[in-house]
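Encoded as structure tokens, the structure appears first; notes follow it.
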Number of protein chains: 2
Amino acid sequence: MTEPDWDLYRSLLAVLDRGSLSAAARLLGLSQPTLGHHVAALEMALGAPLFTRSPKGLVPTETALALRPHAEAMASAAAALRRTASGGADAPGGVVRVTASEMVGTVILPAMIAGLRRAHPGIVLELSLSDRSEDLLRQEADIAIRMTRPLQGSLLARKIGEIGLGFHASPAYLAREGRPKDMGDLRHHTLIGPDRDIETLRGVIPAGLALTPEMFAIRVDSHVAHLALVEAGAGIGVCQFGIAAAAGLVPVLPDLFRPMMPVWLACHEDLRASRRIAAVFEFLGGALADYVARDAQAMVRTMPPSTRSAAPLVAEAWGEEA
Amino acid sequence: MTEPDWDLYRSLLAVLDRGSLSAAARLLGLSQPTLGHHVAALEMALGAPLFTRSPKGLVPTETALALRPHAEAMASAAAALRRTASGGADAPGGVVRVTASEMVGTVILPAMIAGLRRAHPGIVLELSLSDRSEDLLRQEADIAIRMTRPLQGSLLARKIGEIGLGFHASPAYLAREGRPKDMGDLRHHTLIGPDRDIETLRGVIPAGLALTPEMFAIRVDSHVAHLALVEAGAGIGVCQFGIAAAAGLVPVLPDLFRPMMPVWLACHEDLRASRRIAAVFEFLGGALADYVARDAQAMVRTMPPSTRSAAPLVAEAWGEEA
DNA sequence: GCTCAGTCATAAATTTGTTTATAGCAGACG
DNA sequence: CGTCTGCTATAAACAAATTTATGACTGAGC
């Protein structure tokens with residue numbers, strides 16, 4: 001058996017993605033018979049059928065589905081290669097791909113990116129917003145901003161600091177529904193919480209409160225929508241102090257519930273050699289550090305004077321130390 | 001810029017590997033002008049020069065060197081894909097790639113593989129012997145046998161047990177040079193130890209002994225050569241009890257120095273779905289457990305009756321628990 | 001029940017890529 | 001100092017892939 005052309009893998013991936021030869025052909029800018037030939041050649045080379053033909057399209061076999069992750073790995077390696085090449089040897093410009101959570105990407109990053117572009121006009125940024133953290137391993141991104149410690153080998157990680165979380169509500173909501181006096185009071189309020197993604201809060205919820213989806217009258221997994229709901233006065237939800245302060249939200253029970261969430265910046269070891277990636281890494285490191293500092297200030301400012309310290313109330317459950 | 005054909009990446013990798021178009025052409029079964037054209041096309045597509053031509057061959061530029069890891073990632077993904085495909089959907093046969101240390105691969109595995117082939121005649125085995133443990137992450141192997149706990153995410157790891165290490169020497173050496181009475185005595189003997197790879201021993205050497213290359217009169221990083229030297233009566237070296245016993249070696253100071261080394265079996269989570277990989281995983285798991293048990297017996301048997309227990313003397317430095 | 005939009009498969013024409021063959025160049029060796 | 005071996009580069013002959021242009025099929029919608 002001779003090794004199949006790598007192009008065939010790309011065609012395979014396209015057909016798996018689109019579900020038909022014609023659609024895959026459009027995606028790759030090839031013609032449908034070409035894709036048909038590619039699939040046939042790959043089936044021949046691998047000695048196994050990959051699709052069952054039907055007039056509605058190609059249905060992948062078990063084998064083809066098993067091959068998919070590997071083909072995707074090739075695709076992301078190819079994308080990483082092109083990104084690397086885009087910067088030339090060590091030209092200041094080029095494409096850098098940053099991954100972050102939806103929240104960070106939509107609320108925190110935009111201002112930083114504006115500054116980054118001003119400081120390094122040659123650098124083109126790609127943002128990949130998702131909450132799964134495998135991105136770096138599979139080389140789907142050059143730099144990652146994460147709220148958990150990246151524990152992969154061969155990953156260079158820097159802890160930026162910790163961000164304070166707390167219950168918040170809009171002034172309108174509090175005027176309408178009153179202000180809870182203690183944690184037990186929260187039961188009589190409209191709470192906004194996660195839907196399926198309870199894991200995220202597991203380390204944050206204080207031991208006293210049971211963690212059940214039933215606690216929350218409004219459930220949504222998107223942190224951005226979560227914030228929007230709180231801003232709209234829909235109920236009480238957990239927000240970062242800095243973001244909440246900027247949005248004019250009022251902290252609720254900040255002296256009873258105030259977990260800290262670590263912020264990590266990470267990239268592949270190898271990639272630090274690239275000048276533009278190092279530049280983005282340093283810039284984001286600085287900008288995030290500033291942001292964390294402002295967040296801490298916002299948190300302290302909104303607390304009653306008696307308890308003005310930045311010590312976390314529910315910290316150990318979440319973070320490890322740097 | 002349109003995406004280059006993936007074949008070009010393969011050609012790039014071949015040229016980087018061989019250092020010349022002609023050699024790369026031989027490797028890939030293509031002709032030299034074809035490779036030349038591929039490189040030119042890739043340089044055009046990426047917009048950056050990749051090689052400086054010379055009559056001695058092609059010298060890669062900085063850019064090309066930066067691209068290399070990504071091209072290699074593609075190559076291993078392609079290899080993994082083909083391995084997966086070789087097994088068909090869930091046929092019992094197919095290729096499985098196992099990585100292990102040189103020592104394990106040459107001394108311990110052969111007998112197991114013979115048994116494995118008897119139990120599963122359809123399975124073809126590839127052995128990749130190296131001591132770096134990135135193999136699994138980069139999908140360069142399906143299953144890994146490691147002496148450290150694999151701490152990567154999305155990796156399925158099973159701790160097989162622990163293997164006892166200890167100083168050993170050949171009967172001939174001991175007859176000639178005498179038997180050391182305590183650790184201090186070792187200074188007057190010919191010790192065999194690592195050359196550059198001191199890390200490996202760091203967790204093993206007892207606290208009393210300073211860890212310097214100067215300790216060792218014979219230095220070699222290959223564990224297999226290490227064992228051969230001990231067998232040849234060249235000096236005293238650290239060996240696994242089981243292997244040493246089988247080779248007719250005599251334990252030296254087993255009651256003073258007896259670290260334990262964990263044995264882990266690991267594979268990617270996804271791959272457990274493949275029937276043949278699961279079969280190999282289970283078989284190796286069982287065989288290694290048997291081996292560890294025999295090693296423990298050998299260790300106990302060769303110790304003076306007074307201290308006959310399998311408890312490690314220098315254990316905590318090395319292993320974590322399952 | 002008919003048309004229409006979508007699909008895959010096939011055959012001939014064309015474009016593309018690959019090879020063979022040749023020339024030129026630098027260093028190793030007797 | 002010439003020869004020999006390695007390499008790259010170029011041009012024309014060739015083989016191979018791709019495309020265009022078909023035909024045949026299925027299911028949705030009127």
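In what follows, every chain begins at residue 1, and chains take the letters A, B, ... in the order their sequences are listed.
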For this session: Compute whether any side-chain donor of one residue and acceptor of the other, for A:Arg276 and A:Ser274, lie under 3.5 angstrom apart.
Result: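 Yes, because at least one side-chain N or O of A:Arg276 sits under 3.5 Å from a partner of the opposite role on A:Ser274.
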Between [atom2] of [N] and [atom1] of [X], the distance in whole Å:
X	N	atom1	atom2	value
A:Leu58	C:dC8	CG	C1'	8 Å
A:Asp5	C:dT16	CG	P	18 Å
A:Phe51	C:dT7	CZ	P	15 Å

Exercise. OP1 or OP2 of C:dG6 sitting under 4.0 Å from any side-chain N/O of A:Ser22?
Worked result: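 For A:Ser22, the contact criterion (side-chain N or O under 4.0 Å from OP1 or OP2 of C:dG6) is not met.
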Exercise. Within the pair B:Arg53 and D:dC7, is there a side-chain N or O less than 4.0 Å away from OP1 or OP2?
Worked result: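 For D:dC7, OP1/OP2 do not have a side-chain N/O of B:Arg53 under 4.0 Å.
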Exercise. Any Lys/Arg nitrogen of B:Arg10 or B:Asp5 sitting under 4.0 Å from an Asp/Glu carboxylate oxygen of the other?
Worked result: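 Judged by the 4.0 Å cut-off on N to carboxylate O distance, B:Arg10 and B:Asp5 do not form a salt bridge.
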Exercise. If you measure from the Lys or Arg side-chain nitrogens to the Asp or Glu carboxylate oxygens, is any gap between B:Glu62 and A:Arg275 under 4.0 Å?
Worked result: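 Looking at B:Glu62 and A:Arg275, the cut-off is not met.
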Exercise. Could you give the distance from CG (A:Leu81) to CG (B:Leu46), rounded to the nearest 0.5 Å?
Worked result: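 Output value for this atom pair is 6.5 Å.
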Exercise. Base, sugar-phosphate alone, or nothing: which one does B:Ser20 contact when heavy atoms must sit under 4.0 Å apart?
Worked result: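 B:Ser20: backbone/sugar contact only, no base atoms under 4.0 Å.
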Pairs of donor and acceptor atoms involving the side chains of residues 22-34 of chain A, under 3.5 Å and at least two apart or interchain, shall be tabulated with distances.
from: A:Ser31; atom 1: OG; to: A:Thr34; atom 2: OG1; distance (Å): 2.9

For this session: Using a cut-off of strictly less than 4.0 Å between a heavy atom of the residue and any atom of DNA chain C, enumerate the qualifying residues of residues 26-44 of chain A by number.
Result: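 Residues of residues 26-44 of chain A that come under 4.0 Å of DNA chain C are, in numerical order, A:Arg26, A:Gln32, A:Pro33.
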For this session: Verify, without hydrogens or angle tests, whether B:Glu43 (side chain) and B:Leu50 (backbone) share a donor-acceptor contact under 3.5 angstrom.
Result: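 Between the backbone of B:Leu50 and the side chain of B:Glu43 there is a qualifying donor-acceptor contact (under 3.5 Å).
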